[in-house]
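Encoded as structure tokens, the structure appears first; notes follow it.
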Amino acid sequence: MRDLLTLVAKDLRLQAKTGELLASIFIYSLLVVLILSLASAPVHGNMREGIHVIASTLWVALAFAGVVGATRVIEIERRDDCLKSLRLAGVSPSILYLAKTTTNAILLAGIQFLTVPVTFVFDDATTFAIVPRLAFVLFLGIAGFSAVGTVMAAISTRAGGRESLLSILILPLLVPVLLGGIEATKTLLAEGAFLNPNSIFWLKLLVVYDIVFLAVASLVFEYLIEE
Amino acid sequence: MIHWATIVTPLTRIGLTVQDSESDAAKWPRGFGYMVAAYAVVWLILMAYFWALSRRARRINDRLDTLLSDEKVKPAGR
Amino acid sequence: MKALFRSVGIPILSILFALDIWMIFFYAPMEKELQASQKIFYFHVAAAMTAFLAFTVAFVCGIGWYVRKREVWDDVQVASVEVGLVFSAIVLATGPIWARTAWNTWWTWDPRLVTMTILFLCYVGYLVVRASLSGDARKNACAAMAILFGINIPITWLSIQWWRTIHPDIGGLPGTRLEPKMRIAFWFSVLLFILLFIPLVAIRSRMERAAKALRALHRERLFGGTE
Amino acid sequence: MAPLLLAEGVGKDFDERPVLDGVDLALESGRTVAVLGPNGSGKTTLAHILALLLRPTRGHVSFEGRAVPRDPSVVRRRIGFVSHQPGLYLDFSPLENLAFFGRLYRVADVASRSKELLERFGLWRFREEPVRIFSRGMTQRLILARALLHDPALLLFDEPFTGLDTPGERLLLETLDLERRAGKAIFLITHDVRIAHAAATEGIVLAASRVRRRFKTDEIGVDTLEAMYRDALQEAGCATA
């Protein structure tokens, strides 16, 4: 537990020092939001369609940011053999996995914190009362993306591939999260709450998915960082 | 939604009712051509995989043969 | 093994397949609503079940590799992933053909179709990553993928119950609600597909073993002596 | 007394091909064991096994007379490892790097320990600069400082002389001597016969994944060792380095 905090603090400090990662992912997701909003501009004005656009824009931006972020967060350790130093220092693999996932999630949350308002402005969201609930859904999505992204990035960086290889690994795996997240966001935007059983179901699915992947991945991670 | 309902309703009864063999045996049953195509596709996929498998096996064998014959030329090539 | 399969297995399987085709088209009665288009069901569902079986075998092999690091787990794993992909390809190819006759469209964004496609893409990713790794790193990464992707198998299987779907739900275990003659033809098809699956996996995993031996031999030549 | 670290019949396969086979080795406090060997002889694999980073395919390793547990992280903390790769965060300064690793190693007073080491290796002036701008030699000295940070009982050096200039080399040799006198067990990988002779008390020659010779440096001269090394390589069928 102490190691976990040390590792996360180290990662965040490293990010604060360089700043390059957060900035580049932020610009990247901003562009995704911009392009998606632009591409669906003609259907604006229609309330239903507007909801559609906001929900999918948020989640697609999250998906792209998740792929880039996961690769970078793992690469910090792969570069210059830092991984070996960590293993020598007796950091247990599951702690390392949880630390990397946490860092990843914090980064993604930071980016969403910046992207969501922009999306709201671009796509004329009418209500801001839903923000806490929206944050909850997005948090579930972020957890899923970090959990799967971290473990798959450990595989793809090992295989010498970068974002392209990672995206073919994690995007299919995360389609349930994306589908669930978009559906839940849509009902939230339309009704302002998770009232109907449909969205409750989606939230349940997201929670179960996150927990299962977090558990399995933290067990498997050990073998992915072995030499 | 209406579109959806029209499709689903007949499907819920799949496999429960059997057509009378006499009623309209004269003309081809609906979708027969598609089915023939479907089974042809299955056959093609399987054959393609068989072919790929045997090709790969042959390549491995060939390379193994080459390596082993090399050894005879320069024994214990250290 | 391979010679045996070629001399005895292929003729027997061919005869059985011919018999199966006869059963499907002539023995099993014509369905009232869908007429001939229901005939796809025998191969489509059988192939889907075999594909699920194959990916489950890969999942088990992934765990097996971590528990006992024997090469055979890795060999059988890649073999069943590959054969599973072939069967999924059959599912994905026959599906649209049937959909054209029944739904009057080649493709709909139905959850069952989407999740099956996702499953297919996941394992394509598996093969891509496998190709770009070597040694223990490859075996560890592949086992991890087989396990993580394996989590998606039940999601795909249950997707017809979870989502509102237009895909026929054959009620839990397929074939339980069928007319007797249809049921016989159906289970015969399933049995036949599994009968085809087993020797394919056996052959493919022996091939993997041979390829590994070849690579070891090759490297030995390259370095001269043991190193 | 049992040696600090004992390897018996250790071997490792990659792709079912042995890269290391039947290595017996004992590392004892106050002794320096050198490993001489050409590229690809399995030296680094051996170092990783001794650092408990790799599990051997055959044979077993014991630390302080006890078999290495399945989760070796606690035992690993008693080992210091120096390789020619940094294993440091280049965007951090030396102080930040040492503070981070100090916390992981649970070093009681990181600040004063870091100061002591950085002064010893002549890096105190650069304590706040990012490691990225360091020269090869400076980085290597920081790696050394990091490896000594937690005062490990066993020190493993994997080709530590790569990229060092003459003063750096002298500093490293002095450090090796000092640490050995302080009662550490030291394991040193090199392909330089001269350095092996100067720094080690004893050693092995590793070629084509097996131990070919064993020697004690106080019994033979540099020239004899050189000749022995060449013989061993020839015998193992390796091109002379």
Side-chain angles (χ1 to χ4, degrees), chain A residues 1-24 72-100 102-103 107 154 157-159 218-227, chain D residues 12 14 19 44-45 47-55 69-93 95-107 110 128 130-132 134 139 142-143 146-147 149-150 152 154-156 158:
Chain A
M1 193 58 211
R2 200 184 132 181
D3 284 354
L4 183 72
L5 291 178
T6 311
L7 285 166
V8 173
K10 182 266 297 173
D11 276 345
L12 292 181
R13 202 184 160 127
L14 211 54
Q15 289 314 323
K17 253 204 153 78
T18 56
E20 145 245 11
L21 177 61
L22 199 65
S24 69
R72 299 293 161 83
V73 166
I74 286 290
E75 254 180 12
I76 293 172
E77 309 299 346
R78 282 257 192 260
R79 212 189 293 153
D80 307 315
D81 229 8
C82 291
L83 191 59
K84 196 199 278 171
S85 299
L86 293 183
R87 295 214 297 139
L88 278 164
V91 176
S92 95
S94 11
I95 292 292
L96 182 59
Y97 168 75
L98 291 177
K100 288 281 133 189
T102 312
T103 309
L107 284 181
T157 54
R158 186 61 176 268
S218 66
L219 288 177
V220 163
F221 198 67
E222 177 186 353
Y223 302 99
L224 298 177
I225 56 170
E226 262 182 14
E227 296 298 307
Chain D
K12 180 77 189 172
F14 283 132
V19 289
T44 300
T45 307
H48 280 82
I49 289 175
L50 297 181
L52 314 179
L53 289 172
L54 270 183
R55 249 183 286 273
R70 204 194 105 68
D71 175 20
S73 39
V74 179
V75 190
R76 266 185 208 151
R77 288 206 180 117
R78 312 231 5 234
I79 298 172
F81 192 96
V82 177
S83 76
H84 44 276
Q85 281 158 316
L88 296 162
Y89 297 95
L90 300 190
D91 290 314
F92 275 166
S93 68
L95 271 185
E96 283 169 316
N97 266 303
L98 292 185
F100 169 65
F101 283 107
R103 249 195 309 279
L104 288 184
Y105 278 117
R106 295 164 181 37
V107 175
V110 191
E128 304 280 8
V131 180
R132 192 172 291 289
F134 281 22
T139 315
L142 183 59
I143 297 171
R146 202 224 44 227
L149 182 66
H150 53 298
L154 170 66
L155 274 167
L156 304 163
D158 185 2

I'd like to know whether A/Arg79 forms a side-chain contact (heavy atoms from CB on, under 4.5 Å) with D/Tyr89, so could you lay out the CA-CA distance, the side-chain angles of the two residues, the decisive distance to 0.1 Å, and finally the verdict. CA-CA 9 Å; A/Arg79 212 189 293 153; D/Tyr89 297 95; over 6 Å; no
To the nearest 0.5 Å, atom CZ of A/Arg87 lies from atom CG of D/Leu54 at 7.0 Å
Evaluate the criterion side-chain contact (heavy atoms from CB on, under 4.5 Å) for residue pair A/Leu86 and D/Phe100; output intermediate values, then yes/no. CA-CA 10 Å; A/Leu86 293 183; D/Phe100 169 65; 3.7 Å; yes
Does a side-chain heavy-atom distance below 4.5 Å link D/Tyr105 with A/Leu88? yes
Determine the minimum heavy-atom distance between A/Ser85 and D/Gly87, stating which atoms define it. OG-O, 2.7 Å
Which atom names give the shortest non-hydrogen contact between A/Cys82 and D/Leu88, and what distance separates them? SG-O, 3.1 Å
Ring pair (Phe, Tyr, Trp, His ring centres under 6.0 Å) partners for A/Phe221, two or more places apart: A/Tyr97
Measuring from D/Asp91:CG to A/Ile76:CD1, what's the distance to the nearest 0.5 Å? 9.0 Å
Who are the salt bridge (Lys or Arg N to Asp or Glu O under 4.0 Å) partners of D/Arg77, not counting sequence neighbours? A/Asp3
Interchain contact, D/Arg146 with chain A, by part (heavy-atom threshold 4.5 Å): side chain
Quick one: CD1 on A/Ile225 to CG on D/Leu53, what's the gap to the nearest 0.5 Å? 10.0 Å
Given heavy-atom pairs under 4.5 angstrom as the criterion, report whether the side chain, backbone, both or neither of D/Arg132 touches chain A. side chain
Show your working on side-chain contact (heavy atoms from CB on, under 4.5 Å) between D/Glu96 and A/Lys10 and close with a plain yes or no. CA-CA 9 Å; D/Glu96 283 169 316; A/Lys10 182 266 297 173; over 6 Å; no
